[in-house]
Amino acid sequence: MVIQTFGNMLFCPSESDCVKEFPSPKELKYRIVISTKPPKEYLEDKNLSSRGSNSLKDKDSDEDTWGRMSADLTNDDDKSDCDASEHSQCDGDNEACDRLLRPLGAPAYKNLISIPAGKPKGKLREKLKVEKDKVRRLSLSEQKFEKATVCHGTDVVRFTQRNILRIYPKGTRVNSSNYNPLIGWMHGAQMVALNMQGYGKPLWLMHGMFGSNGGCGYVKKPDFLMNVGPNDQVFDAKAKLPVKKILKVKVHMGDGWHLDFKQRYLWSSPEFYTRVGIAGVPADKTMKKTKKRKGNWTPVWDEEFTFQLTVPEIALLRIEVHEHNMSEKDDFAGQTCLPVSELRPGFRAVPLFNRKGEKFTSLRLLLRFEFVQVDI
């Protein structure tokens with residue numbers, strides 16, 4: 001079914017085993033890659049076949065297993081008692097019997113799996129071990145991944161240089177909340193799974209990150225996460241790094257609230273302020289805000305902020321607008337998240353989005369971006 005469905009789009013390793021080196025994005029363009037656990041029948045069959053060379057004692061204990069396997073694999077009410085009896089006589093050494101028990105479809109499907117997945121046994125550091133001439137996929141919950149980055153951060157980066165790492169939210173996030181996806185991105189994780197049903201800062205960051213490269217859904221991993229320096233050194237997110245680039249953001253004015261928020265503020269005098277900051281590695285993370293502008297639907301701030309960036313390649317410019325509320329929590333009035341790597345110097349009319357990431361019809365901020373290159 002897989003072959004019939006995907007046809008020539010299906011990416012298969014040139015050999016019968018899994019890929020030895022991860023293909024380039026160009027090789028995988030418009031292709032379907034299967035990454036999953038090998039079929040259970042294949043693994044069971046492989047394990048049972050290997051038991052045939054064990055001691056006589058092992059053979060005796062395996063006879064019941066072979067019988068159970070035959071019953072499980074056939075699982076057909078039309079099979080006669082004679083067939084079941086014949087299967088139960090297999091001892092693992094009989095070639096004909098071995099061929100009879102082996103599921104014909106399992107090995108063929110196993111050969112279509114380009115990147116095997118699974119949860120290897122052992123300690124966390126052993127799971128992150130890079131195997132030569134073998135590409136695999138590892139899945140970690142956000143708790144285990146956070147522990148891995150704290151204790152073995154460089155091992156995580158080294159693992160993602162040759163393998164695929166998937167992170168997923170913990171099961172207790174029943175309200176569709178999320179963790180910070182930047183922790184995964186700064187360690188080279190290719191699959192940072194998020195709950196898409198809700199909204200909030202993590203999803204705003206995701207929209208900003210994948211808004212780059214034309215919003216096609218693919219963002220090239222920065223070179224610094226793929227490079228290996230002297231003495232097998234790789235990027236360390238916790239290391240103290242020099243400033244590479246200085247970004248200056250001047251917030252001039254905003255407009256459009258009287259159209260998009262007309263009903264909401266019909267009987268109130270708005271008091272808007274803007275929060276501007278950077279999301280990225282811990283050294284770059286910061287948030288600043290303008291003064292409040294009272295009683296004006298078209299507020300003018302004319303305030304400039306300066307950000308020193310050590311890793312501008314994965315930095316995201318976060319912008320939020322709020323309306324000050326004396327008696328309650330300040331009201332949300334728009335947000336956007338922009339990849340610093342795609343910002344261009346000069347004046348820009350930047351659209352704002354709601355909490356769910358949907359663009360407002362009229363809301364805009366007039367900003368000016370300026371970059372100052374730092375000599376290292």
Side-chain angles (χ1 to χ4, degrees), residues 11-29 31-39 42-43 46-47 50 110-170 179-193 209 218-241 280-282 311 313-314:
F11 177 86
C12 296
S14 56
E15 302 176 7
S16 59
D17 204 353
C18 58
V19 293
K20 295 183 178 181
E21 185 176 1
F22 198 78
S24 69
K26 185 176 181 180
E27 291 178 278
L28 296 180
K29 195 173 182 181
R31 307 297 294 275
I32 301 294
V33 181
I34 297 181
S35 176
T36 186
K37 298 177 182 178
Y42 173 82
L43 294 176
K46 186 177 180 181
N47 292 336
S50 64
K110 186 263 177 186
N111 293 338
L112 298 180
I113 301 174
S114 300
I115 304 174
K119 294 183 178 180
K121 297 180 180 179
K123 295 182 179 180
L124 192 56
R125 190 164 191 173
E126 295 175 356
K127 295 180 180 180
L128 295 169
K129 185 178 179 181
V130 178
E131 300 182 39
K132 188 178 180 180
D133 296 333
K134 184 178 181 181
V135 174
R136 59 190 176 95
R137 177 170 64 84
L138 176 65
S139 293
L140 295 175
S141 65
E142 61 173 287
Q143 303 104 310
K144 289 186 178 180
F145 177 71
E146 184 178 354
K147 181 180 178 182
T149 56
V150 172
C151 303
H152 316 291
T154 54
D155 291 329
V156 175
V157 175
R158 194 172 285 108
F159 178 85
T160 59
Q161 289 181 341
R162 283 191 50 84
N163 304 278
I164 290 182
L165 178 60
R166 169 181 170 264
I167 313 162
Y168 56 91
K170 58 186 178 182
Y179 56 96
N180 181 6
L182 270 163
I183 300 176
W185 296 331
M186 72 177 66
H187 286 88
Q190 296 91 345
M191 302 174 68
V192 182
M209 174 64 74
Y218 169 75
V219 177
K220 184 180 180 294
K221 184 186 291 190
D223 291 337
F224 72 85
L225 286 170
M226 297 299 297
N227 294 336
V228 179
N231 302 320
D232 200 30
Q233 292 178 344
V234 296
F235 174 74
D236 186 356
K238 294 180 290 185
K240 188 175 181 180
L241 301 172
V281 297
V311 188
E313 295 89 342
I314 61 172

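Each residue takes its place number in the sequence, starting with 1.
- When R125, K147, K123 are each tested for a salt bridge (charged side-chain N to carboxylate O under 4.0 Å, His left out) with D155, only one passes: R125.
- Note: T149 OG1 to E142 CD = 11.5 Å, rounded to the nearest 0.5 Å.
- Listed by first and then second residue, the salt bridge (Lys or Arg N to Asp or Glu O under 4.0 Å) pairs that reach into residues 227-238 are R158-D232, sequence neighbours excluded.
- Remark: K240 pairs with no residue by the side chain to side chain contact (heavy atoms under 4.5 Å, CB included) rule, at least two apart or across chains.
- For N231 (side chain) and Q233 (main-chain N/O), no donor-acceptor pair under 3.5 Å exists by modelled atom type.
- Electrostatic pairing of R136 and E131 counts as a salt bridge here, judged by a charged N lying under 4.0 Å from a carboxylate O.
- Taken to the nearest 0.5 Å, the CZ atom of R31 stands 8.0 Å off from the SG atom of C12.
- Atoms OG1 and CG, on T36 and L112 in that order, are 12.0 Å from each other to the nearest 0.5 Å.
- Residue L225 comes nearest to V157 through the heavy atom pair O-CG1, 3.9 Å, listed as atom of the first residue, atom of the second, then distance.
- The two residues R162 and D133 come nearest to each other via the heavy atoms NH2-N, 3.7 Å.
- Looking only at distances, a side-chain donor or acceptor of S35 sits under 3.5 Å from a matching main-chain atom of I115.
- Atom CE of M191 sits about 12.5 Å away from atom CG of L140, to the nearest 0.5 Å.
- Of the inter-residue distances, the one linking E146 atom CD with K170 atom NZ reads 8.5 Å to the nearest 0.5 angstrom.
- Minimum heavy-atom separation, P116 to V135: CD-O, 3.4 Å.
- The nearest pair of heavy atoms linking M186 to A237 is SD-CB, 3.8 Å.
- Checking side-chain atoms of R166 against main-chain N and O of L138 turns up no donor-acceptor pair under 3.5 Å.
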Derivation and outcome, side chain to side chain contact (heavy atoms under 4.5 Å, CB included), residues V33 and S114:
CA-CA 7 Å; V33 181; S114 300; 4.0 Å; yes

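- The distance from atom CZ of F145 to atom OH of Y168, rounded to the nearest 0.5 Å, is 13.0 Å.
- With sequence neighbours excluded, no residue satisfies ring-ring contact (aromatic ring centres under 6.0 Å, His included) with F22.
- In this view, Q190 and T160, I164, L165, K221 satisfy the side chain to side chain contact (heavy atoms under 4.5 Å, CB included) rule, not counting sequence neighbours.
- Closest heavy-atom contact between G184 and I167: CA-CD1, 3.7 Å.
- Looking at every heavy atom in both residues, A117 comes nearest to R137 through CB-NH2, 3.3 Å.
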One pair to check against side chain to side chain contact (heavy atoms under 4.5 Å, CB included): F235 and T154. What are the steps and the verdict?
CA-CA 7 Å; F235 174 74; T154 54; over 6 Å; no

Stepwise side chain to side chain contact (heavy atoms under 4.5 Å, CB included) test for N227 and V234:
CA-CA 7 Å; N227 294 336; V234 296; over 6 Å; no

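- Shown here are the ring-ring contact (aromatic ring centres under 6.0 Å, His included) partners of F159, two or more places apart in sequence or in another chain: there are none.
- Among residues two or more places apart in sequence or in another chain, the side chain to side chain contact (heavy atoms under 4.5 Å, CB included) test is passed with P23 by F11, E27, L28.
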